[in-house]
2 protein chains.
Amino acid sequence: MTDAKASQFGVTPQSVDFNEWYNEVVVKADLADYSPVRGSMVVKPYGSAIWERIQRWLDDRFKETGHESLLFPTLIPMNFLQKEAQHVEGFAPELFTVTKIGTEALEEPYVLRPTSETIIGHMWSQWLNSYRDLPFLHYQWGAVFRAELRTKLFLRTAEFYWHEGHTAHATQEEAMAETMQQLDLYHEFCRDVLALPVIRGPKSASERFAGAVETFSIEGMMRDGKALQSGTSHYLGQNFAKAFDVKFQGSDQKEHFVHTTSWAISSRIIGALIMTHGDDKGLQLPPNIAPIQVVVVPVVRKDNAETMYQEADKLAAELRTNGFRVKVDKREGVSNGFKYNDWELKGVPVRIELGPRDLEAGVVVVKNRNADAKETVARMDVVAYMGLRLDEIQQALYDRALSFLQENTVTVDSYEEFKTAIEAGKWVRAFHCGDAESEAQIKEDTKATVRNIPLDGELFGEREEGVCVHTGKPSAYGKRAIFGRQY
Amino acid sequence: MTDAKASQFGVTPQSVDFNEWYNEVVVKADLADYSPVRGSMVVKPYGSAIWERIQRWLDDRFKETGHESLLFPTLIPMNFLQKEAQHVEGFAPELFTVTKIGTEALEEPYVLRPTSETIIGHMWSQWLNSYRDLPFLHYQWGAVFRAELRTKLFLRTAEFYWHEGHTAHATQEEAMAETMQQLDLYHEFCRDVLALPVIRGPKSASERFAGAVETFSIEGMMRDGKALQSGTSHYLGQNFAKAFDVKFQGSDQKEHFVHTTSWAISSRIIGALIMTHGDDKGLQLPPNIAPIQVVVVPVVRKDNAETMYQEADKLAAELRTNGFRVKVDKREGVSNGFKYNDWELKGVPVRIELGPRDLEAGVVVVKNRNADAKETVARMDVVAYMGLRLDEIQQALYDRALSFLQENTVTVDSYEEFKTAIEAGKWVRAFHCGDAESEAQIKEDTKATVRNIPLDGELFGEREEGVCVHTGKPSAYGKRAIFGRQY
């Protein structure tokens with residue numbers, strides 16, 4: 001690679017400065033850009049194509065499991081948030097406030113929704129009559145707003161994109177079953193589509209969503225050892241039901257408050273995708289989410305361009321017929337080397353170099369993004385090859401990420417070991433007493449927090465008794481909690 | 001129908017009060033509801049399912065024609081709007097203003113986007129270098145905000161949903177070709193999917209989008225004779241390019257400003273769908289857009305419920321396998337009559353009544369939403385029947401709407417005739433001089449405006465010379481303009 005190319009494609013190595021690596025990859029791979037609005041980003045076509053695929057997969061599954069989409073207003077009356085005390089306390093510092101419409105100053109301001117439990121609760125209280133109306137299984141796709149001091153594209157933006165699911169049930173059991181079902185769906189989605197190994201479990205009391213009785217998360221490990229909370233599912237009990245008077249007449253003819261849940265995955269997950277699979281060449285997209293799975297680069301000279309473009313289109317058409325997402329790179333005025341680097345930076349799983357002499361010999365050259373060497377594949381075998389190889393790449397990325405997570409998680413029984421491991425960028429498995437004050441002190445000492453307490457049967461979820469690594473009190477969870485620094 | 005049922009399903013007849021009919025249909029058919037946020041609605045699952053189908057169809061077509069989706073911020077710095085003089089003048093009275101983040105008062109306020117030309121222009125100026133980068137073919141789906149004094153669900157809400165397309169081109173010719181291509185796409189979409197006959201053409205100068213050089217619209221006629229502007233496509237010339245410094249180095253090595261377009265269809269179109277096809281029984285959905293094309297109502301007694309549900313599921317499965325969207329209504333505690341009225345109100349194109357005796361006789365009873373009588377169809381022929389009948393219903397709804405539009409459009413040559421026809425709820429074809437003052441006076445006299453000037457080859461688009469029906473000056477357009485009252 002020449003220096004000129006390096007300046008265009010080269011990214012700061014992860015080992016030198018992981019933050020800088022991330023920022024460069026997002027911008028240079030054309031996923032997103034900074035905007036003139038404080039804290040907000042612009043998602044560019046390549047990033048948007050990834051987000052659309054995420055939406056499509058999840059949306060289909062929501063519908064299959066009986067959920068219905070709605071559209072609630074972006075604005076929420078400020079006084080709605082105040083009806084749930086913990087909720088407003090959690091969100092007040094982050095609110096965008098609308099105080100004027102046209103030239104009219106508003107007596108009662110609106111806020112841009114940071115989340116929609118309140119306004120949905122208000123509507124439910126009007127729609128709900130009888131137990132026959134339940135459950136409400138609702139969700140919406142949209143933008144939400146939470147002020148951020150420092151922008152980090154996808155990970156920390158004032159406006160971000162998500163779905164938020166909201167359900168109401170007659171009983172605690174049903175609501176809890178829904179909470180777990182959606183948590184499991186998120187886990188499945190991360191594993192099978194994004195190739196992200198994530199740990200399921202409840203958060204500690206002090207890390208719960210503002211207003212929740214129980215918050216469950218999925219947590220992934222980034223290449224710098226930090227955790228990224230990649231999705232959450234909350235059992236809200238009757239907190240919002242009582243705040244918004246959401247009740248129904250039961251089959252017993254009496255009035256009851258509903259039990260509610262909410263759950264979300266946001267555009268932050270694209271940050272997890274980047275920081276779990278990326279390397280010093282840039283992005284690395286798992287085939288199941290990649291907008292482009294295979295890029296075909298015809299090797300063109302002046303005298304053979306037309307023929308080679310035809311051959312490339314023919315190959316692309318064959319692959320598309322077999323269900324692959326394919327792009328042919330016909331850009332002019334740039335070298336093949338430029339194109340190869342560009343597609344590696346953009347993380348396309350497989351590149352096919354289509355050269356005239358290879359083609360005469362009945363072969364094409366294939367370069368997998370996750371391999372160092374090129375391969376030669378018979379032209380007639382390309383479709384069959386791709387069917388196998390894309391699955392292998394998907395699995396290889398998952399395995400790589402899982403090994404990394406396992407290798408960088410350590411079990412400790414003393415606070416000294418704890419601090420050393422956190423400082424070294426590890427996740428730590430340790431007993432904890434569950435006291436909020438102790439968690440706060442640990443956070444102050446080490447910047448680490450309880451990520452979650454892995455569920456039974458989950459990796460790291462073994463039942464075990466012991467004493468708190470920080471206070472020496474009995475463990476609160478019957479097992480070790482996961483601690484780590486987080487995004 | 002008993003009185004009790006009437007109160008639940010009955011809607012005010014269109015002939016008695018069309019406005020009231022509309023409001024009742026939207027709420028009773030469960031499309032949308034009023035919200036506690038001034039001017040904003042909640043789109044309920046049935047309305048959201050329609051909107052999602054609209055989105056999916058259009059989105060696929062945008063992508064097929066090379067357009068790419070992006071996500072731009074919802075907030076726009078107030079001073080951006082001020083850079084295009086006409087633009088800010090047009091939108092200032094309708095803006096929602098954010099003046100506070102957390103506890104911090106903003107020196108420079110943000111507005112909730114009423115449309116995104118300004119911020120997109122700003123980003124383009126950073127992204128664009130060479131003619132090789134062009135064209136930019138961008139669009140986004142999202143919510144926009146324009147204050148409204150009186151809410152009318154779907155038609156006039158402070159927050160509404162849309163896509164907005166934004167493209168930038170090297171030449172005026174390319175930009176104009178794009179403008180017309182998207183107008184034609186909207187026309188095709190309305191005709192083939194929503195069964196809405198619409199008239200394509202340019203708006204008069206005084207009805208142009210704030211900042212446009214030329215605005216084209218598609219206009220449909222509602223059952224009360226009013227027009228609804230159902231989509232717009234704007235050629236913006238270099239107005240926004242100059243305001244936001246969007247320029248490129250041409251192949252001639254010189255700098256040029258781009259020529260831009262923008263185009264949109266919003267959730268208002270659902271209002272057009274309701275008011276074009278609806279009748280005194282409620283909604284009437286064309287099969288190509290209906291979330292449920294066929295509803296199967298098993299006729300159930302206590303002793304046969306299980307069998308009949310099985311038979312209904314079997315029939316539904318057969319229909320689904322053949323690509324139809326089907327629902328089986330297994331609600332308990334309500335009568336068959338209740339169900340029939342409910343699905344007629346919701347406008348489902350075909351209802352199948354599955355009774356035990358009919359089934360023994362090898363038949364089912366079918367009721368088409370747009371017919372008065374029921375039909376008996378052999379059970380084994382249901383799939384084939386549905387393939388033909390749904391297409392026929394789609395066509396019949398289009399034909400009915402087109403006849404209505406033609407019958408309620410009159411050609412006049414005097415201002416007296418003009419006023420009489422408008423007062424009678426007609427569209428009027430008349431010559432006009434194109435003067436903005438004259439248009440304003442006509443509007444004051446009659447509440448009618450120029451809807452558009454139909455394109456050559458379009459219905460009502462015949463070339464013809466004459467003198468202005470209002471001023472007696474020569475006609476400005478070489479043909480008659482369409483006047484009407486509008487939503």
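So you know, we letter chains A, B, ... as the sequences are listed, proteins then strands, and number each from 1. Note that this is a predicted model, so its numbers are computed, not measured.
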Check whether B/W141 gets within reach of chain A through its side chain, its backbone, both or neither, counting any heavy atom under 4.5 Å.
-> neither
With chain B, which of A/W127, A/F80, A/F72 has the greatest number of heavy-atom pairs at distances under 4.5 Å?
-> A/W127
Mind ranking A/L71, A/V111, A/D59, A/V43 by heavy-atom pairs under 4.5 Å with chain B and telling me who comes out on top?
-> A/L71
Got a sec: does the NZ of A/K330 have more than 12 other heavy atoms crowding it under 6.0 Å?
-> yes
Where on A/R38 is there a heavy atom nearer than 4.5 Å to chain B: the side chain, the backbone, both, or neither?
-> both
Just wondering, do B/T103 and A/P93 contact through their side chains at under 4.5 Å, heavy atoms?
-> no
So do the side chains of A/K44 and B/M123 get within less than 4.5 Å of each other, counting heavy atoms only?
-> no
Between chain B and each of A/Y34, A/F96, A/F91, count heavy-atom pairs under 4.5 Å; write down the option with the most.
-> A/F96
Test item: B/V98 and A/T99 side chains (from C-beta on) under 4.5 Å apart, heavy atoms | no
Heavy atoms from other residues, nucleotides or ligands near CZ of B/R320 exceed 12 (cutoff 6.0 Å) | yes
Heavy-atom distance under 4.5 Å to chain B: side chain of A/F145, backbone, both or neither?
-> side chain
Residue selection (most heavy-atom pairs with chain A, distance under 4.5 Å) from B/G102, B/G142, B/P109, B/P45 = B/P45
B/K327 atom NZ, over 12 foreign heavy atoms within 6.0 Å | no
Could you tell me which non-hydrogen atom of B/L70 sits nearest to which non-hydrogen atom of A/S48, and how far apart they are?
-> N-OG, 4.1 Å
Top contributor to chain B contacts, counting heavy-atom pairs under 4.5 Å, from A/L75, A/I76, A/L106, A/T157 = A/L75
Which one of A/R146, A/R331, A/K100 has the most heavy-atom pairs closer than 4.5 Å to chain B?
-> A/K100
Heavy-atom contact with chain B under 4.5 Å, split by part of A/Q140 = neither
Output the option from A/H122, A/R132, A/E108 having the highest count of non-hydrogen pairs under 4.5 Å with chain B.
-> A/H122
Considering non-hydrogen atoms only, spot the tightest contact between B/V37 and A/I119 and give its length.
-> CG2-CD1, 3.8 Å
Measuring heavy-atom distances to chain B, does A/Y110 have an atom under 4.5 Å in its side chain, in its backbone, in both, or in neither?
-> side chain
Proximity breakdown for A/Y46 and chain B, heavy-atom pairs closer than 4.5 Å = neither
B/E104, part contacting chain A, at a heavy-atom distance under 4.5 Å = side chain
Would you say the side-chain atoms of B/E159 pair up with the backbone N or O of A/T74, donor to acceptor, closer than 3.5 Å?
-> yes
How about A/L112 and B/L112: do any of their side-chain heavy atoms sit closer than 4.5 Å?
-> yes
Residue, of B/E332, B/E52, B/M41, B/H138, that accumulates the most heavy atom pairs under 4.5 Å with chain A = B/E52
Comparing B/P36, B/S35, B/A92, B/S40 against chain A, the one with the most heavy-atom pairs below 4.5 Å turns out to be B/P36
